[in-house]
Amino acid sequence: MPELPEVETVVRDLQPCLTGRRLASVRQTSRHSLRTRWRPAWNAAVAGQRVASVARRGKWILVALENGSVLVVHLGMTGQLTLVPAATALADHTHLIFTLDDGAEQLRFRDIRRFGSVTLFPNRQTLEDHFTAARLGPEPFDLDAAYWRQALAGTKRSLKAVLLDQQVVAGVGNIYADEALFEARLHPALRGCDLDARAATHLRRAIATVLRRAIQRRGSSIRNYVGGSGLQGAYQNEFRVYGRAGEPCPRCGAVIECRRLAGRSSHFCPRCQKAISSQRSAVSKSNADR
DNA sequence: ATAGGCGCCTGCTGGC
DNA sequence: TGCCAGCAGGCGCCTA
């Protein structure tokens, strides 16, 4: 479920509350074989450690411990990482419970669909190696202009596919890809190589704009998402195109469409997210298969 | 290089 | 009311 703004919200919620606290113990509360790569042996490695920092890289939450190891959490589609009073009733699908120093609070990992994961990296280097091996792309807020132009110019994939590719830019998912393309007035079926430098810049800025707005609203809560404090987000109320198929475009009034693209549902305005000359082929083609 | 499909899971919605 | 297909914000793997 969660994309960059949701993960960022979790991190901002947890960072002030968790930093400096000691993880007294870890308990596995689900008998499911977790896709979560948590291993029982890690309990001993984590227990008694203080939290040095809480940060984010792409859609990954990084909880660094004072001994140098890093707890890495991915929320998948339905993951939740929340800090709650220990007396809080245990929600179903809770998989891991970290009890904090005084025992009064717990950090809980809950994941209904179990697409998420929790992994312990023994040190910074192994974590960096992991991201390098996965070729995780740069953060969207400091995209180098030349890098971005080249990333687009060098591919024939659709813009939608490029935005979803974590190796190109880390943190954008289906919702914010659609919202960013609307913001930039670019059709999701355009190919990367169809964009001139100006359009590429528009898109780069649109991504940052949309993500910043969403972070200000604590992300989007569509089904299960909540922040680190358990609060929901509010950006779902401000979607321009995502989930609005059949409704009028907020910019031009045309009917918003939803089509399958890059294997995902893609929402866009067929009028104001148009092709620029050289993209005509891509768009007329996608219009033709209606 | 790229598209498309599947699988991993559970839960909700809409159509009949 | 009940059943069932289809769908959901992620990602890795496979094939063509």
Side-chain angles (χ1 to χ4, degrees), chain A residues 1-10 30-37 56-61 72-81 91-95 109-119 130-131 133-137 150-181 188-194 210-211 214-215 217-227 232-246 258-267 282 285-286 289:
Chain A
M1 97 168 122
E3 307 177 26
L4 186 149
E6 291 74 33
V7 175
E8 179 67 22
T9 300
V10 171
S30 160
R31 52 198 160 67
H32 290 294
S33 61
L34 297 179
R35 175 198 178 95
T36 300
R37 294 152 209 147
R56 178 191 62 74
R57 174 77 173 90
K59 299 176 191 173
W60 303 82
I61 299 166
V72 177
V73 179
H74 196 293
L75 300 178
M77 295 270 263
T78 53
Q80 300 175 345
L81 190 64
D92 52 356
H93 304 294
T94 300
H95 302 297
F109 177 67
R110 177 178 186 235
D111 186 5
I112 296 167
R113 287 172 70 181
R114 281 185 278 150
F115 288 171
S117 68
V118 180
T119 312
H130 171 75
F131 285 146
R135 294 198 291 157
L136 186 65
Q150 181 48 42
L152 289 172
T155 186
K156 292 180 179 174
R157 301 156 82 195
S158 67
L159 293 181
K160 182 63 184 275
V162 172
L163 291 187
L164 290 178
D165 187 346
Q166 302 300 296
Q167 298 187 350
V168 176
V169 56
V172 179
N174 201 39
I175 291 178
Y176 299 108
D178 283 3
E179 293 294 314
L181 287 165
L190 290 173
R191 299 173 302 173
C193 59
D194 290 329
V210 165
L211 293 177
I215 290 170
R217 294 284 177 272
R218 298 183 49 83
S220 311
S221 289
I222 292 189
R223 286 192 163 76
N224 304 288
Y225 168 74
V226 293
Q232 296 199 328
Y235 194 66
Q236 67 277 8
N237 302 318
E238 296 177 32
F239 290 161
R240 310 276 183 82
V241 285
Y242 183 82
R244 295 198 179 279
C258 177
R259 233 180 274 157
R260 206 103 191 137
L261 205 65
R264 316 294 297 278
S265 62
S266 301
H267 311 76
K285 203 172 164 204
S286 74
D289 58 27

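Naming convention: chains lettered A, B, ... in sequence-line order (proteins, then strands); numbering from 1 in each chain. We use all heavy atoms of the structure for the numbers below, so side chains are in, but hydrogens, waters and symmetry mates are not.
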* Set of side-chain hydrogen bond (donor to acceptor under 3.5 Å, both in side chains) partners for A:R244, sequence neighbours left out ->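 A:R244 satisfies side-chain hydrogen bond (donor to acceptor under 3.5 Å, both in side chains) with A:E247 only.
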* **A:R260: side-chain hydrogen bond (donor to acceptor under 3.5 Å, both in side chains) partners, not counting sequence neighbours** => none
Gap between atoms [atom1] and [atom2], on [X] and [N] respectively (whole Å):
{"X": "A:Q150", "N": "B:dA1", "atom1": "CD", "atom2": "P", "answer": "13 Å"}
{"X": "A:H74", "N": "B:dC9", "atom1": "NE2", "atom2": "C1'", "answer": "15 Å"}
{"X": "A:F131", "N": "C:dC11", "atom1": "CZ", "atom2": "C1'", "answer": "14 Å"}
{"X": "A:L75", "N": "B:dT10", "atom1": "CG", "atom2": "P", "answer": "18 Å"}
{"X": "A:H95", "N": "B:dC8", "atom1": "NE2", "atom2": "P", "answer": "16 Å"}
{"X": "A:D111", "N": "B:dT10", "atom1": "CG", "atom2": "C1'", "answer": "10 Å"}
{"X": "A:Y176", "N": "C:dG10", "atom1": "OH", "atom2": "C1'", "answer": "14 Å"}
{"X": "A:F115", "N": "B:dG11", "atom1": "CZ", "atom2": "P", "answer": "12 Å"}

In whole Å, what separates the [atom1] atom of [N] from that of [M]?
{"N": "C:dC3", "M": "B:dC8", "atom1": "C1'", "result": "25 Å"}
{"N": "C:dC7", "M": "B:dG4", "atom1": "P", "result": "16 Å"}
{"N": "B:dC9", "M": "C:dG2", "atom1": "P", "result": "29 Å"}
{"N": "B:dG14", "M": "C:dG9", "atom1": "P", "result": "16 Å"}

Tell me every residue that passes side-chain contact (heavy atoms from CB on, under 4.5 Å) with [X], counting only those two or more places apart in sequence or in another chain.
{"X": "A:R113", "value": "A:M77, A:T78, A:F115"}
{"X": "A:T94", "value": "A:T29, A:L90, A:A91, A:I97, A:R108, A:R110"}
{"X": "A:A214", "value": "A:P5, A:Y176, A:Y235"}

What residues, two or more places apart in sequence or in another chain, satisfy salt bridge (charged side-chain N to carboxylate O under 4.0 Å, His left out) together with [X]?
{"X": "A:R217", "answer": "A:E238"}
{"X": "A:R56", "answer": "A:E8, A:E139"}
{"X": "A:K59", "answer": "none"}

* To do: Ignoring hydrogens and angles, tell me if any N or O in the side chain of A:Q166 forms a donor-acceptor pair with the backbone of A:L164 under 3.5 Å.
  => yes
* Asked: Short question: side chain of A:D178, backbone of A:H267 - any donor-acceptor pair under 3.5 Å?
  ->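 Yes: the side chain of A:D178 pairs with the backbone of A:H267.
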* From B:dT2, B:dT10, C:dG9, nucleotide with atom closest to A:R157 side chain -> B:dT2
* Structure fact -> Side-chain contact check for A:E3: nearest option of C:dC11, C:dG9, B:dT10 is C:dG9
side-chain N/O [X] vs [N] OP1/OP2, d < 4.0 Å:
{"X": "A:T155", "N": "B:dT2", "result": "yes"}
{"X": "A:H93", "N": "B:dC9", "result": "no"}
{"X": "A:K59", "N": "C:dC11", "result": "yes"}

* Using Watson-Crick pairs (N1 to N3, plus N6-O4 or O6-N4) and G-U wobble pairs, both distances under 3.5 Å, which stems of at least 3 pairs involve DNA chain B? ->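 Stems found: B:2-8 with C:10-16, B:10-16 with C:2-8.
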* Asked: For the residue pair A:F109 and A:H95, does the interplanar ring angle fall in the parallel (under 30°), tilted (30 to 60°) or perpendicular (over 60°) class?
  -> tilted
* Heavy atom of residues 161-173 of chain A under 4.0 Å from DNA chain C: which residues? -> A:Q166, A:G173
* Asked: Hey, can you pull the residues of residues 232-241 of chain A with a non-hydrogen atom under 4.0 angstrom from DNA chain B?
  ->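 Going residue by residue through residues 232-241 of chain A, none turns out to have a heavy atom under 4.0 Å of DNA chain B.
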* Checking side-chain contact (heavy atoms from CB on, under 4.5 Å) against A:W60, which of A:L136, A:T119, A:V7 comes through? ->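 Passing option: A:L136.
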* Spatial distance of atom CG (A:L159) from atom CG (A:L152) [nearest 0.5 Å] ->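 Answer rounded to 0.5 Å: 6.5 Å.
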* Asked: What distance separates A:R259 CZ from A:K160 NZ, expressed to the nearest 0.5 Å?
  ->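 It is 12.0 Å, given to the nearest 0.5 Å.
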* To do: Kindly determine whether A:E6 and A:L75 satisfy side-chain contact (heavy atoms from CB on, under 4.5 Å), including the steps that lead there.
  => CA-CA 10 Å; A:E6 291 74 33; A:L75 300 178; 5.8 Å; no
* Asked: So what does A:I112 touch, heavy atoms closer than 4.0 Å: a base, only the sugar-phosphate, or nothing?
  ->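 Sugar-phosphate, backbone atoms only, no base.
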Under 3.5 Å, which N/O atoms of the protein pair with N/O atoms of nucleotides 4-8 of chain C?
unit_1 : atom_1 : unit_2 : atom_2 : d
C:dA8  : OP1    : A:S265 : OG     : 3.2
C:dA8  : OP2    : A:R260 : NH1    : 3.2
C:dA8  : N3     : A:R113 : NH1    : 3.1

